[in-house]
Amino acid sequence: MKKLFSLLLACMMLFLTACNQTPPNETTTGNSSNQGTSSDSELKDTIIRNGYSDFIDLPSRVLFKSGKIFYYSKADGKAYVYCFDPLCDHSGGKCFANPRDDKNIFHAEFRSTFFINNRFYVVADYGQIFSMAFDGSDVKIEYGEESYISQDLNYNLWSQNYVACSKYIYIPTSLDENEKYNLLRFNTETKEMENLTEKTGNFMHPKFFYNGEVYGKGERYQGWYKANLDMKNMEPIEEPKMSNQFYGSAFFNNAYDSETYSPDRKVLGIKVYDMKTRETTILTNEILGLEAYAYEVIDIDENYVYFYQWEEIEIGKDQKNRPVENNSGGKLYRVKHDGTECVCIFNDPSLDFIGREAVVTGNEIIIEGHSVGMRDGYATTWDSGMKVGTMGEDGKIEKFEPIELVY
């Protein structure tokens with residue numbers, strides 16, 4: 001029972017608000033890239049992909065991990081550690097906001113956490129699903145053994161690649177005793193677990209959803225397929241031009257002069273692949289007015305694509321005579337979806353963006369970065385962490401500030 005108690009408290013750690021903070025109810029809105037969506041109507045002409053992001057973006061706050069688990073409050077611009085004890089100093093193994101102080105605490109990850117119908121669902125690799133209210137209360141074991149005592153954290157019953165769509169969580173299993181993969185689907189409303197492979201004879205490793213269909217790779221990650229949400233009518237398809245950044249029906253990624261990787265292939269611009277039309281548009285370097293550096297698209301909102309380029313500007317040598325670079329050049333850009341109005345909205349060579357994704361919320365951008373420059377005659381980096389920049393009416397950002405962490 002001690003292990004069960006530790007597990008439940010650890011899960012609560014992820015979602016309980018900071019001291020003296022009362023969370024409102026939350027519902028997902030807009031492009032829910034990190035969450036399951038709550039309405040089947042949201043499936044039309046919309047890409048849904050989750051289980052990969054460093055952020056969980058909710059209407060009132062943004063969850064992220066920086067050693068401990070924090071949430072950034074959109075109301076006051078501060079990040080609060082997730083802790084349920086207002087008297088806790090978050091040290092010495094007694095604080096569940098710092099789980100690495102106690103090796104026996106279960107550690108849930110963002111890739112296995114979904115926000116569906118105002119509840120968090122956490123999928124554990126060894127075959128259990130937990131849920132809890134937004135404020136960390138009402139913790140329930142939704143599926144699996146009622147006791148944690150017999151579980152082996154080193155045994156992966158499920159394959160750790162989970163995705164969610166509408167009320168469902170899709171769970172590929174590891175190879176069973178018959179050397180077979182199975183695709184499970186958990187219904188968060190009825191609490192039923194279905195084996196879709198047993199029902200249909202079909203299996204895939206799901207990667208994303210679009211327009212009421214699931215897209216993924218076959219057994220041992222060979223080939224691409226699509227099927228309806230019940231895994232019926234599964235058919236082989238050409239590999240979709242999927243990426244980590246998308247909005248509506250379109251994926252955004254680098255465009256190269258060759259689909260095959262080689263060190264000398266050339267960057268042509270930003271590739272936009274629309275699942276609705278199955279057409280690819282390239283926002284070329286010439287259209288954007290930029291040199292042919294590789295692009296890092298970090299976020300997309302209703303109007304703009306936000307990105308930086310891999311300029312890799314050498315700052316100098318460190319104390320071991322190794323080169324230190326500002327990989328992003330300290331520049332951040334935004335452009336409209338059609339490639340017009342490309343503008344550098346931030347330019348400061350003393351800051352290097354190291355996050356490969358960001359969250360744009362209102363007029364603020366949250367991204368990981370660090371300072372870079374010369375100190376005592378040597379090139380070095382310092383002050384690494386989440387930064388927030390505020391855009392003016394023209395979209396430009398004067399400076400990025402470290403997010404204030406409240407413990």
Side-chain angles (χ1 to χ4, degrees), residues 11 14-15 26-38 42 46-74 79 82 107-116 119-125 134 159-166 168-172 205-210 214-216 240-254 275 295-302 304-308 332 353-362 364-369 384-388 403:
C11 288
L14 288 171
F15 309 109
E26 297 275 345
T27 56
T28 55
T29 59
N31 188 35
S32 303
S33 61
N34 304 318
Q35 318 304 329
T37 47
S38 58
E42 295 180 21
T46 300
I47 295 166
I48 297 172
R49 183 166 185 241
N50 40 51
Y52 70 92
S53 179
D54 293 331
F55 299 97
I56 296 180
D57 186 10
L58 300 176
S60 72
R61 58 199 63 202
V62 179
L63 278 68
F64 65 90
K65 186 176 178 181
S66 182
K68 301 178 178 64
I69 306 297
F70 291 89
Y71 74 84
Y72 176 81
S73 170
K74 297 179 182 180
Y82 268 69
H107 206 170
E109 299 287 350
F110 284 127
R111 63 172 173 75
S112 61
T113 303
F114 305 98
F115 189 66
I116 303 172
R119 286 185 71 83
F120 287 101
Y121 289 82
V122 182
V123 184
D125 300 342
F134 179 74
S159 74
Q160 308 175 49
N161 296 305
Y162 317 121
V163 290
C165 181
S166 187
Y168 297 113
I169 302 173
Y170 289 74
I171 304 168
H205 293 280
K207 294 299 183 180
F208 68 93
F209 304 87
Y210 173 71
V214 54
Y215 290 73
K241 298 176 176 63
M242 183 188 72
S243 68
N244 286 345
Q245 294 298 337
F246 53 91
Y247 189 88
S249 62
F251 286 110
F252 295 74
N253 205 350
N254 276 303
M275 290 289 297
Y295 295 84
E296 190 69 59
V297 178
I298 56 173
D299 201 18
I300 305 151
D301 65 15
E302 182 180 3
Y304 296 102
V305 181
Y306 298 84
F307 65 93
Y308 60 83
L332 187 65
F353 298 110
I354 58 177
R356 305 195 73 166
E357 61 177 308
V359 171
V360 177
T361 170
E364 294 182 328
I365 300 179
I366 300 171
I367 187 171
E368 187 176 7
S384 180
M386 290 294 177
K387 315 289 184 182
V388 59
I403 291 179

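Starting from 1, each residue takes its place in the sequence as its number.
How far CZ of Phe55 is from CD of Glu368: 7.5 Å, rounded to the nearest 0.5 Å. Rounding to the nearest 0.5 Å places CZ of Phe115 at 9.5 Å from CG of Leu63. Expressed to the nearest 0.5 Å, how far OG1 of Thr113 lies from CG of Asn50 amounts to 11.0 Å. Between Thr46 atom OG1 and Phe246 atom CZ the span is 10.0 Å, to the nearest 0.5 Å. Note that CZ of Phe252 is 4.5 Å distant from CD1 of Ile300, once rounded to the nearest 0.5 Å. Of the inter-residue distances, the one linking Ile354 atom CD1 with Tyr308 atom OH reads 8.5 Å to the nearest 0.5 angstrom.
Between Tyr170 and Pro206, the closest heavy-atom pair is CB-CG, 4.2 Å. Across all non-hydrogen atoms, the minimal contact from Lys387 to Gly369 is CE-O, 3.4 Å. Arg61 approaches Ser73 most closely through the heavy-atom pair CB-CA, 4.5 Å. Nearest heavy-atom pair across Val297 and Phe307 is CA-CB, 3.8 Å. Nearest approach of Ala164 to Phe209, heavy atoms of both residues: O-CE1, 3.6 Å.
Between Asp57 and Lys74 the shortest side-chain heavy-atom distance falls below 4.5 Å. You'll find the side chain of Phe353 stays beyond 4.5 Å of the side chain of Ile298, heavy atoms only. Side chains of Ile116 and Ile169 form a contact here, defined as non-hydrogen atoms less than 4.5 Å apart. Tyr247 has its side chain out of reach of Val305: every pair of non-hydrogen atoms, C-beta onward, lies at least 4.5 Å apart. Here the side chains of Gln245 and Asp299 are in contact, with some heavy-atom distance below 4.5 Å. Taking the side chain as every heavy atom from C-beta outward, Asn253 and Lys241 never approach each other to under 4.5 Å. Counting heavy atoms from C-beta on, the side chains of Asp301 and Tyr306 come closer than 4.5 Å. Taking 4.5 Å as the limit, some side-chain heavy atom of Tyr72 sits within range of a side-chain heavy atom of Val388.
Under the 3.5 Å distance criterion, the side-chain polar atoms of Tyr162 are left unmatched by any main-chain donor or acceptor of Val123. In this structure, Glu357 contributes its side chain and Asp54 its backbone to a donor-acceptor pair below 3.5 Å.
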Worksheet item: Given Leu58 and Tyr71, is the side chain to side chain contact (heavy atoms under 4.5 Å, CB included) satisfied, shown in steps?
Response: CA-CA 10 Å; Leu58 300 176; Tyr71 74 84; over 6 Å; no

Worksheet entry | Step-by-step side chain to side chain contact (heavy atoms under 4.5 Å, CB included) determination, Val214 to Val163 | CA-CA 10 Å; Val214 54; Val163 290; 5.8 Å; no

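Annotation: Tyr215 is in aromatic contact with Phe208 [ring centroid separation under 6.0 Å].
Note on ring orientation: taking the six-membered ring where Trp is involved, the planes of Phe70 and Phe64 are parallel (angle under 30°, cut-offs 30° and 60°).
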